[in-house]
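First comes the structure, then the notes that go with it.
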Amino acid sequence: MIDGSEREVGMVESRLAVVSGGGTGIGAAVARGLVDDGYDVVIVGRRADVLLGAAERISAECGRPEAVSAVAADLTDPAQVSAVVEAVGERTVDAVVNNAGGYLGGPSDTLADVAGWWRANLDANVLTAVLLTEALLPVLRRPGGRVVLLSSIAAQRGGGGPYSAAKAALHGWAYDLAAQLGPEQITVNVVSPGYVAETEFFGDRMTLEGHAKRVAATLVGRAGVPEDIAAAVRYLVGPSAGYVTGQVLGVNGGSVLGR
């Protein structure tokens with residue numbers, strides 16, 4: 001941990017992480033955990049008011065004013081990704097956590113509908129991660145940088161149509177990126193959550209029966225919470241995980257066994 005006195009006198013430069021989808025749920029829990037670990041965090045998302053509220057709340061809870069800053073940007077738009085680069089400025093980025101995305105439903109009555117539905121899910125879950133990571137690669141710490149991609153249990157067992165396919169695509173890209181960046185001592189890993197309550201993922205689609213069914217599918221008899229996923233991310237971006245790269249870490253209560 002880095003205390004405030006060290007920052008004030010410039011003895012130690014705090015580490016910097018960028019977390020997409022950082023305003024709520026898993027992303028906000030990741031941001032909070034990384035602040036606890038001594039990072040400054042830039043959270044990115046499309047809703048400026050939600051991001052600003054999260055940044056103020058996390059900074060206040062951790063007793064570190066301005067530890068978290070917010071950048072409103074649609075990461076499917078290359079022109080808007082530049083706002084994140086501008087926010088980072090001259091600093092080195094220690095960790096990029098790609099959490100933006102989600103299941104996007106839509107009509108599928110025509111082939112045009114199907115194409116739009118698939119493109120929307122691929123853009124939200126894959127393109128956001130690719131564009132943000134590529135934009136920050138020049139300023140990622142060498143050696144020691146970390147890239148983490150948030151996938152889903154749906155990538156491993158299906159059930160989400162284009163969402164499952166999009167999340168599975170992150171796995172293949174992570175393997176390529178790990179091979180590309182490994183010689184520079186940068187690690188790339190995937191965290192694949194199972195059912196996590198207390199997020200906006202399901203919106204108003206979750207029912208009591210649906211919740212019970214998902215809990216029953218675990219081996220531990222409970223739903224995940226955002227802090228469960230944040231703990232895995234904190235491990236992967238920390239110094240203890242320097243020999244872990246190109247891996248998919250399932251955090252799903254045993255709903256899908258490792259393989």
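Residue numbers count from 1 along this sequence. Just so you know, these numbers use all the heavy atoms, side chains as well, and skip hydrogens, waters and symmetry mates. Values in this document were obtained by computation on a predicted structure and should not be read as measured data.
In this structure, A100 and K167 approach most closely via the heavy-atom pair O-NZ, 4.3 Å. Closest non-hydrogen pair, V71 versus A87, comes out as CG2-CB, 3.5 Å. Nearest approach of L219 to G254, heavy atoms of both residues: CG-O, 3.6 Å. Looking at every heavy atom in both residues, S59 comes nearest to A67 through OG-N, 3.4 Å. Heavy atoms only, all atoms of each residue included: G145 and L140 are closest at CA-CG, 4.2 Å. When all heavy atoms are compared, the tightest approach of A232 to V251 is CB-CG2, 3.8 Å.
Panel note: side chain W118, backbone A166; no donor-acceptor pair is recorded below 3.5 Å. Remark: side-chain polar atoms of R157 are not paired, donor with acceptor, to backbone N or O of A155 under 3.5 angstrom. No donor-acceptor pair closer than 3.5 Å links the side chain of T76 to the backbone N or O of A124. Between the side chain of D40 and the backbone N or O of L16 there is no donor-acceptor pair closer than 3.5 Å. Proximity of a side-chain donor or acceptor of N125 to a complementary backbone N or O of G102 within less than 3.5 Å is detected. Using a distance-only test at 3.5 Å, with no hydrogens or angles considered, no donor-acceptor pair links the side chain of R146 to the main chain of V233. No side-chain donor-acceptor contact under 3.5 Å links N99 to the backbone of L150.
Two residues are said to be in side-chain contact when any heavy atoms from C-beta on lie closer than 4.5 Å; S20 and L75 meet this criterion. Y195 is not listed as a side-chain neighbour of I153, based on a closest heavy-atom distance of 4.5 Å or more. By the 4.5 Å heavy-atom criterion applied to side chains, C62 and D36 are counted as neighbours. Here the side chains of I43 and V68 are in contact, with some heavy-atom distance below 4.5 Å. Under the 4.5 Å side-chain criterion, counting only non-hydrogen atoms from C-beta, E134 is in contact with L137.
Distance check: R214 CZ to E209 CD gives 11.0 Å after rounding to the nearest 0.5 Å. The CG atom of N98 sits 6.0 Å away from the CH2 atom of W173 when rounded to the nearest 0.5 Å. Note: I186 CD1 to L181 CG = 5.0 Å, rounded to the nearest 0.5 Å. Distance CG/L131 to CG/L136: 11.0 Å, rounded to 0.5 Å. The distance from atom CG of L52 to atom CZ of R57, rounded to the nearest 0.5 Å, is 12.5 Å. A distance of 12.0 Å separates CD in E198 from OG1 in T24, rounded to the nearest 0.5 Å.
Between L177 and the choices L149, T133, V130, the side-chain contact (heavy atoms from CB on, under 4.5 Å) rule is met once, by T133.
Hydrophobic clustering (ILVMFWY, side-chain heavy atoms < 4.5 Å, transitive): V256 and Y103 are in distinct clusters. Under a hydrophobic clustering in which Ile, Leu, Val, Met, Phe, Trp and Tyr are joined whenever their side-chain heavy atoms come within less than 4.5 Å, directly or via other members, V96 and V139 fall into the same cluster. In terms of hydrophobic clustering, with Ile, Leu, Val, Met, Phe, Trp and Tyr side chains grouped at heavy-atom distances under 4.5 Å, V191 and V41 are assigned to a common cluster. Cluster annotation: L170 is connected to V44 through the hydrophobic network of ILVMFWY side chains, with a link wherever side-chain heavy atoms come within less than 4.5 Å. L132 and L236 end up in different hydrophobic clusters when Ile, Leu, Val, Met, Phe, Trp and Tyr side chains are linked at under 4.5 Å.
Taking R46 as the reference, nothing meets the side-chain hydrogen bond (donor to acceptor under 3.5 Å, both in side chains) condition, with sequence neighbours excluded. The side-chain hydrogen bond (donor to acceptor under 3.5 Å, both in side chains) test applied to D123 returns no partner, not counting sequence neighbours. Scored by the side-chain hydrogen bond (donor to acceptor under 3.5 Å, both in side chains) test, S69 finds no partners at all (sequence neighbours excluded). Qualifying side-chain hydrogen bond (donor to acceptor under 3.5 Å, both in side chains) partners for R222, counting only residues two or more places apart in sequence or in other chains: D228.
Residue L111 places its CG atom among 12 or fewer non-hydrogen atoms of other residues, nucleotides or ligands, all under 6.0 Å distant.
Sorted by first and then second residue, the side-chain hydrogen bond (donor to acceptor under 3.5 Å, both in side chains) pairs with a member in residues 230-257 read D37-R234; sequence neighbours excluded. The stretch residues 174-193 participates, sequence neighbours left out, in these side-chain hydrogen bond (donor to acceptor under 3.5 Å, both in side chains) pairs: R142-E184, Q156-S192.
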